[in-house]
Q: 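What follows is a structure written as structure tokens; I'll ask about it next.
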Amino acid sequence: MGKIDLITIILIAANVIISYKGFGDYGFFEKYKFNVGAVKRGEQIRIFSSGFLHADNAHLFFNMFTLFFFADVVINAMGTFSFVIVYVGSLLLGSLLSLYFHKDEYHYSAVGASGAVSGIIYSAILLQPGMSLYMFFIPIPIPAYLFGIGYLLYSIYGMKNRIGNIGHDAHFGGAVGGYIITLILAPWLFKTSLLMIGLLALPIILLYVLKRMGKM
């Protein structure tokens, strides 16, 4: 890992500052968190602003720690501007997928940068499919593409079964955002990584099929 890029520092700082403002100011937190009813009333800013709020210190730390480790892969491969597009686009798509799946649940709320970070992870996997990841509870390296596929399959399972207080749909939507935006910005991947593109698309296709079958 080289020197941390300035944009990564800015994003981490923005998440920390805004999250801590939310920790200490309940009104601020409630005003800017993602909430289906509020978004449907016209408060679309929440689709974006909720991506900079977090539920607690652990939630904030995990997202920023993950962003710190994957940001450079995307920045070094595509540049700072493209990295920002992937980050923001993934954040928005994560929120929009949450809105789609919970559109009739007016009290549904969510916060966190997980959608944006999931997009950066999936983008990094596309750009460096040969890299390996290490998990705290697994003592051996995991091929990045297997992690990516498994991550989305678990997100589908979590969405279907409402597992935990976790926005699985935002994670999935963010990863899809990272996948699509990266392929638009880095079309050379269709020549160098076509098989990997196909493999990483499998969970996305599965979700589409399940939704069409009425099983989601």
Side-chain angles (χ1 to χ4, degrees), residues 11 14-15 18-19 21-23 25-56 59-60 62-63 66-67 84-123 148-184 200-216:
L11 283 173
N15 273 276
I18 295 171
S19 291
K21 170 66 174 174
F23 293 161
D25 186 339
Y26 180 77
F28 179 86
F29 184 88
E30 288 295 309
K31 182 177 180 179
Y32 292 108
K33 72 179 182 180
F34 177 83
N35 174 265
V36 171
V39 171
K40 285 196 164 188
R41 289 194 300 270
E43 298 177 34
Q44 280 85 11
I45 186 63
R46 293 171 180 261
I47 291 173
F48 178 74
S49 62
S50 58
F52 292 88
L53 291 168
H54 288 80
D56 52 39
H59 187 205
L60 173 64
F62 181 79
N63 276 334
T66 306
L67 176 63
V84 172
I85 292 176
V86 172
Y87 186 94
V88 173
S90 298
L91 188 164
L92 295 176
L93 194 55
S95 292
L96 289 173
L97 193 68
S98 289
L99 182 63
Y100 175 72
F101 274 99
H102 300 280
K103 58 183 178 293
D104 297 322
E105 302 170 45
Y106 279 69
H107 296 292
Y108 180 84
S109 299
V111 293
S114 299
V117 173
S118 294
I120 295 300
I121 293 173
Y122 228 66
S123 178
I149 293 170
Y151 180 79
L152 287 197
L153 290 176
Y154 176 73
S155 294
I156 292 173
Y157 178 75
M159 291 161 66
K160 184 174 176 59
N161 295 282
R162 303 285 183 115
I163 296 175
N165 188 27
I166 299 172
H168 296 285
D169 31 34
H171 294 184
F172 193 99
V176 172
Y179 177 84
I180 293 173
I181 296 168
T182 299
L183 291 178
I184 292 171
L200 291 172
L202 292 177
I204 301 171
I205 295 170
L206 176 62
L207 178 65
Y208 175 78
V209 171
L210 289 173
K211 184 63 177 175
R212 293 283 294 180
M213 294 173 63
K215 296 186 176 181
M216 290 294 296

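Count residues from 1 along the sequence.
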Q: Under the side chain to side chain contact (heavy atoms under 4.5 Å, CB included) rule, what do Val88 and Phe48 come out as? Steps first, then yes or no, please.
A: CA-CA 8 Å; Val88 173; Phe48 178 74; 4.2 Å; yes

Q: Check side-chain contact (heavy atoms from CB on, under 4.5 Å) between Leu153 and all other residues, then give those that pass, not counting sequence neighbours.
A: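 Result, side-chain contact (heavy atoms from CB on, under 4.5 Å) vs Leu153: Ile149, Pro203, Leu206.
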
Q: Can you list the residues that meet the side-chain hydrogen bond (donor to acceptor under 3.5 Å, both in side chains) rule with Thr182, with sequence neighbours excluded?
A: Ser123

Q: For Phe23, check ring pair (Phe, Tyr, Trp, His ring centres under 6.0 Å) against everything at least two apart and list the hits.
A: Tyr20

Q: I'd like to check the side-chain hydrogen bond (donor to acceptor under 3.5 Å, both in side chains) partners of Ser95; sequence neighbours left out, ordered by chain and number.
A: none

Q: Drop me the distance from Lys31's NZ to Ser49's OG, to the nearest 0.5 angstrom.
A: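 Output value for this atom pair is 9.5 Å.
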
Q: Return the minimal non-hydrogen interatomic distance between Ser90 and Gly115, and the atom names on each side.
A: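 That would be CB-O, 3.6 Å.
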
Q: When rounded to the nearest 0.5 angstrom, what is the spacing between CD1 in Ile47 and CG in Leu93?
A: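 These two atoms lie 11.0 Å from each other.
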
Q: side-chain contact (heavy atoms from CB on, under 4.5 Å) with Tyr208: which residues, sequence neighbours excluded?
A: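 Arg212.
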
Q: Rounded to the nearest 0.5 Å, how far does CG of Asn35 lie from NE2 of His102?
A: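 Taking NE2 in His102 and CG in Asn35, the distance rounds to 12.0 Å.
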
Q: To the nearest 0.5 Å, tell me how far Ile121 CD1 sits from Leu152 CG.
A: 10.0 Å

Q: Just to verify, what does Ser118 make a side-chain hydrogen bond (donor to acceptor under 3.5 Å, both in side chains) with, not counting sequence neighbours?
A: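 For Ser118 the side-chain hydrogen bond (donor to acceptor under 3.5 Å, both in side chains) partners, ignoring immediate neighbours, are Tyr151.
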
Q: Of all the heavy-atom pairs spanning Asp169 and Tyr108, show the shortest one and how long it is.
A: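 Minimum heavy-atom separation between Asp169 and Tyr108: OD1-OH, 3.8 Å.
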
Q: Ignoring hydrogens and angles, write down the donor-acceptor pairs under 3.5 Å from the side chains of residues 36-44, residues two or more places apart or on other chains.
A:
| from | atom 1 | to | atom 2 | distance (Å) |
| --- | --- | --- | --- | --- |
| Lys40 | NZ | Lys103 | O | 2.7 |
| Glu43 | OE1 | Arg46 | NE | 2.7 |
| Glu43 | OE1 | Arg46 | NH2 | 2.9 |

Q: When rounded to the nearest 0.5 angstrom, what is the spacing between NE2 in His171 and CG in Leu97?
A: 11.5 Å

Q: With a 3.5 Å cut-off and sequence neighbours excluded, list the donor-acceptor pairs that the side chains of residues 173-181 form with protein atoms.
A:
| from | atom 1 | to | atom 2 | distance (Å) |
| --- | --- | --- | --- | --- |
| Tyr179 | OH | Ile197 | O | 2.7 |

Q: Using the test side-chain contact (heavy atoms from CB on, under 4.5 Å), find all partners of Ala116 that sit at least two apart in sequence or belong to another chain.
A: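 Scan of Ala116 (side-chain contact (heavy atoms from CB on, under 4.5 Å), adjacent residues dropped) gives Tyr87, Leu91.
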
Q: Leu53: which residues meet the side-chain contact (heavy atoms from CB on, under 4.5 Å) condition with it, sequence neighbours left out?
A: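 Testing Leu53 for side-chain contact (heavy atoms from CB on, under 4.5 Å), a comparison that skips the adjacent residues, returns Ile18, Phe28, Phe29, Tyr32, Lys33, Val111.
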
Q: Where the side chain of His54 meets the backbone of Ala113, is there a donor-acceptor pair that is under 3.5 Å apart?
A: yes

